[in-house]
Amino acid sequence: MCTTCPTGAGGSVAAGESFASFGEIAQGRRADGEDFLITLPVDLWSRCGVVCEPVVGASRVTTPLAKSRRVAEAYLRALGLETGIGLRLGLRRDMPVGKGLSSSTADMLAVLRACEALFGVAAGEAFICRLFAAIEPHDALHYPTCVAYNHRRGRPLACFDYVPDFRIIAVDAGGVVCTQAYNRRLRFGQARIAEDQALYERVLASFAARDDTAIARCAQAATERHLARTGNPFLAGLLKQARQPDVLGVVTAHSGTCAGLLLPGGADAEVLVRVARRVAPLGTVFQTRTLRLPKPSLPTARRPA
């Protein structure tokens, strides 16, 4: 492996990007002890530009974001490029930070994708799982559809090959939540684990049926359980708004400040404006939608290899 910056078609500049997840459809612990979350990919993005420059001595990565720096450093070590390489990273996002929308995971993955483009070597899902788990509990943004994922251990549990078609009227209640601190505080008793297991099985059945309404109801059930544990008045107010026509359910960022009303992907603009106006007193309102991908032919969830 050459220890100079790559040259040729890609030059010494490259870019990468990652979508976000709007909180989780559900989150908890299964009866077998596996922690899980069900991702909801949305059309919100983190984008990274990387510039490679030769340096004398140890390779170094320049960015103010510590987690993203660790990702780039680990990638260089994996390629054996521990000397002679200087990387400068620039990131921009169109999602709010510290709100439970997986902004830090999206940043890390965008950095990794930019490095892959720069050096022409793909990291692979297993490498990403191990690397990100060593840094923090994270969302499974390196899978292109909804998945069930152990966010603590970096382990895929089920790949659905499907993303429901939702418009999301999102509300930010304000403030920030530290994902790492939130996960450290979690406690799981037997009753909670039994409820989590039942909801997990319900989510899997909903995805197997490709039933967007059922998936939205699962998200709302998870939101209602989160409200019961936290007593969050913001969630209580938003759940009241879920009684509006055209609203399928409520999804929440369990370790964040955002939640959203789920509407069908084909909801017209007039409906979206009406619903947004109704929730405006609860916080800062913004709109997004789930990531649109070609529909797969397989009708059931599959376990990862």
Quiz item: Would Arg292 and Asp43 pass as an ion pair if we require N to O under 4.0 Å?
Solution: no

Exercise. Might you work through the side chain to side chain donor-acceptor pair (under 3.5 Å) test for Gln244 and Arg274, ending with a clear yes or no?
Key: CA-CA 10 Å; Gln244 297 182 62; Arg274 172 177 56 80; 3.2 Å; yes

Quiz item: Thinking salt bridges, do Lys67 and Asp107 make one under a 4.0 Å N-O criterion?
Solution: no

Exercise. State plainly whether one hydrophobic cluster holds both Val275 and Phe234, where clusters connect Ile, Leu, Val, Met, Phe, Trp and Tyr through side-chain heavy atoms under 4.5 angstrom apart.
Key: yes

Quiz item: Less than 4.5 Å apart, any side-chain heavy atom of Thr284 and any of Val171?
Solution: no

Quiz prompt | Cationic N near anionic O, under 4.0 Å, Glu195 to Arg225 | solution = yes

Exercise. Could you give me the CA-CA distance, side-chain angles and deciding distance for Asp35 and Tyr149, then say whether side chain to side chain donor-acceptor pair (under 3.5 Å) is met?
Key: CA-CA 8 Å; Asp35 292 309; Tyr149 189 75; over 6 Å; no

Quiz item: Would Glu82 and Arg77 pass as an ion pair if we require N to O under 4.0 Å?
Solution: no

Practice problem: Report yes if the side chains of Arg277 and Val273 come closer than 4.5 Å at any heavy-atom pair, otherwise no. | Solution: yes

Quiz item: Donor-acceptor pair, Thr83 side chain versus Ala58 backbone, under 3.5 Å?
Solution: no

Quiz item: Do other residues, nucleotides or ligands put more than 12 heavy atoms under 6.0 Å from the CZ atom of Arg60?
Solution: no

Practice problem: Identify the two heavy atoms, one from Ile168 and one from Gly260, that lie closest to each other, and give their separation to 0.1 Å. | Solution: CG2-CA, 4.0 Å

Practice problem: Decide yes or no on salt bridge (Lys or Arg N to Asp or Glu O under 4.0 Å) for Glu53 and Arg88, but give the supporting numbers first. | Solution: CA-CA 8 Å; Glu53 302 166 322; Arg88 289 189 287 114; 2.9 Å; yes

Quiz item: Considering all heavy atoms of both residues, which atom of Leu89 and which atom of Ser68 are nearest to each other, and what is their separation?
Solution: CD1-O, 4.2 Å

Self-check item: Polar side chain donor-acceptor pair, Glu125 to His142, under 3.5 angstrom
Solution: no

Quiz item: Side chains of Glu136 and Ser104: donor-acceptor distance under 3.5 Å anywhere?
Solution: yes

Exercise. May I have the step-by-step check of side-chain contact (heavy atoms from CB on, under 4.5 Å) for Thr39 and Thr145, ending in yes or no?
Key: CA-CA 8 Å; Thr39 58; Thr145 67; over 6 Å; no

Practice problem: I would like to know whether Arg192 and Arg229 meet side-chain contact (heavy atoms from CB on, under 4.5 Å); could you show each step before the answer? | Solution: CA-CA 10 Å; Arg192 178 173 176 178; Arg229 289 193 297 269; 3.5 Å; yes

Exercise. Please step through side-chain contact (heavy atoms from CB on, under 4.5 Å) for the pair Phe132 and Leu109, ending with a clear verdict.
Key: CA-CA 9 Å; Phe132 286 13; Leu109 188 58; 4.2 Å; yes

Quiz item: So, for Pro144 and Val163, which heavy atoms are closest and what is the spacing to 0.1 Å?
Solution: O-CG2, 4.3 Å

Quiz item: Are Glu116 and Arg113 within salt-bridge range, i.e. N to O under 4.0 Å?
Solution: yes

Practice problem: Would you check if there is a donor-acceptor pair between the side chains of Ser206 and Asp211 at a distance under 3.5 Å? | Solution: no

Quiz item: Any chance CZ of Arg69 has more than 12 other-residue heavy atoms, nucleotides or ligands included, within less than 6.0 Å?
Solution: yes

Self-check item: Salt-bridge criterion met for Asp196 and Arg30 (N-O under 4.0 Å)
Solution: no

Exercise. Find the distance between CZ (Phe127) and OH (Tyr75) and round it off to the nearest 0.5 Å.
Key: 8.5 Å

Quiz item: Among the clusters formed by ILVMFWY side chains lying less than 4.5 Å apart, do Val50 and Ile128 turn up in the same one?
Solution: yes

Practice problem: Treat each ILVMFWY residue as a node, draw an edge where side-chain heavy atoms are under 4.5 Å apart, and state whether Leu263 and Leu248 are in one component. | Solution: no

Quiz item: Given the rule that I, L, V, M, F, W and Y join up when any side-chain heavy atoms are under 4.5 Å apart, are Ile215 and Phe160 in one cluster?
Solution: yes

Quiz item: Is the distance between the ring centroids of His138 and His151 under 6.0 Å?
Solution: no

Practice problem: Can you measure from OH (Tyr200) to CG (Leu37) and round to the nearest 0.5 angstrom? | Solution: 10.5 Å

Quiz item: Is it true that a side-chain atom of Glu17 and a backbone atom of Ala110 form a donor plus acceptor pair closer than 3.5 Å?
Solution: no

Practice problem: Evaluate side-chain contact (heavy atoms from CB on, under 4.5 Å) for Ile38 paired with Val147, printing each intermediate quantity in order. | Solution: CA-CA 6 Å; Ile38 313 294; Val147 297; over 6 Å; no

Quiz item: Would one find more than 12 heavy atoms of other residues, nucleotides or ligands at under 6.0 Å from atom CZ of Arg289?
Solution: yes

Quiz item: Is Ser21 reaching over with its side chain to a backbone N or O of Leu40, donor-acceptor style, under 3.5 angstrom?
Solution: yes

Quiz item: Which atom names give the shortest non-hydrogen contact between Gly175 and Thr257, and what distance separates them?
Solution: O-CG2, 3.6 Å

Exercise. Locate the shortest heavy-atom distance separating Ala221 from Arg202; write the atom from each residue and the value.
Key: CB-NH1, 3.7 Å

Quiz prompt | Hydrophobic cluster membership, Val121 vs Leu118, 4.5 Å side-chain cutoff | solution = yes

Quiz item: How far apart are the closest heavy atoms of Ser46 and Leu91, and which atoms are they?
Solution: OG-CD2, 3.6 Å

Quiz item: Is a side-chain donor or acceptor of Asp139 paired with a backbone partner of Leu141 at a separation under 3.5 angstrom?
Solution: no

Quiz item: Among all residues two or more places apart in sequence or in another chain, which pass the side-chain contact (heavy atoms from CB on, under 4.5 Å) test with Ala20?
Solution: Val42, Leu44, Met95, Ser102

Quiz item: Roughly how far apart are Leu101 CG and Thr288 OG1, rounded to 0.5 Å?
Solution: 9.0 Å

Quiz item: Going from CD on Glu34 to CZ on Arg153, what distance comes out if it is rounded to the nearest 0.5 angstrom?
Solution: 5.5 Å

Quiz item: Under 3.5 Å, side chain of Ser103 to main-chain N/O of Val97, donor-acceptor pair present?
Solution: no

Self-check item: Pair Asp161-Tyr143, side-chain donor/acceptor within less than 3.5 Å
Solution: no

Practice problem: Determine yes or no for a side-chain-to-main-chain donor-acceptor pair under 3.5 angstrom, with Thr290 supplying the side chain and Pro41 the backbone. | Solution: no

Exercise. Give me the ring orientation class for Trp45 and Phe19: parallel if the planes are under 30° apart, tilted from 30 to 60°, perpendicular past 60°.
Key: perpendicular

Self-check item: Nearest-0.5 Å distance, SG of residue Cys115 to CG of residue Leu87
Solution: 5.5 Å

Exercise. Hey, could you give me the NE2/NE2 distance between His226 and His254, rounded to the nearest 0.5 Å?
Key: 6.0 Å

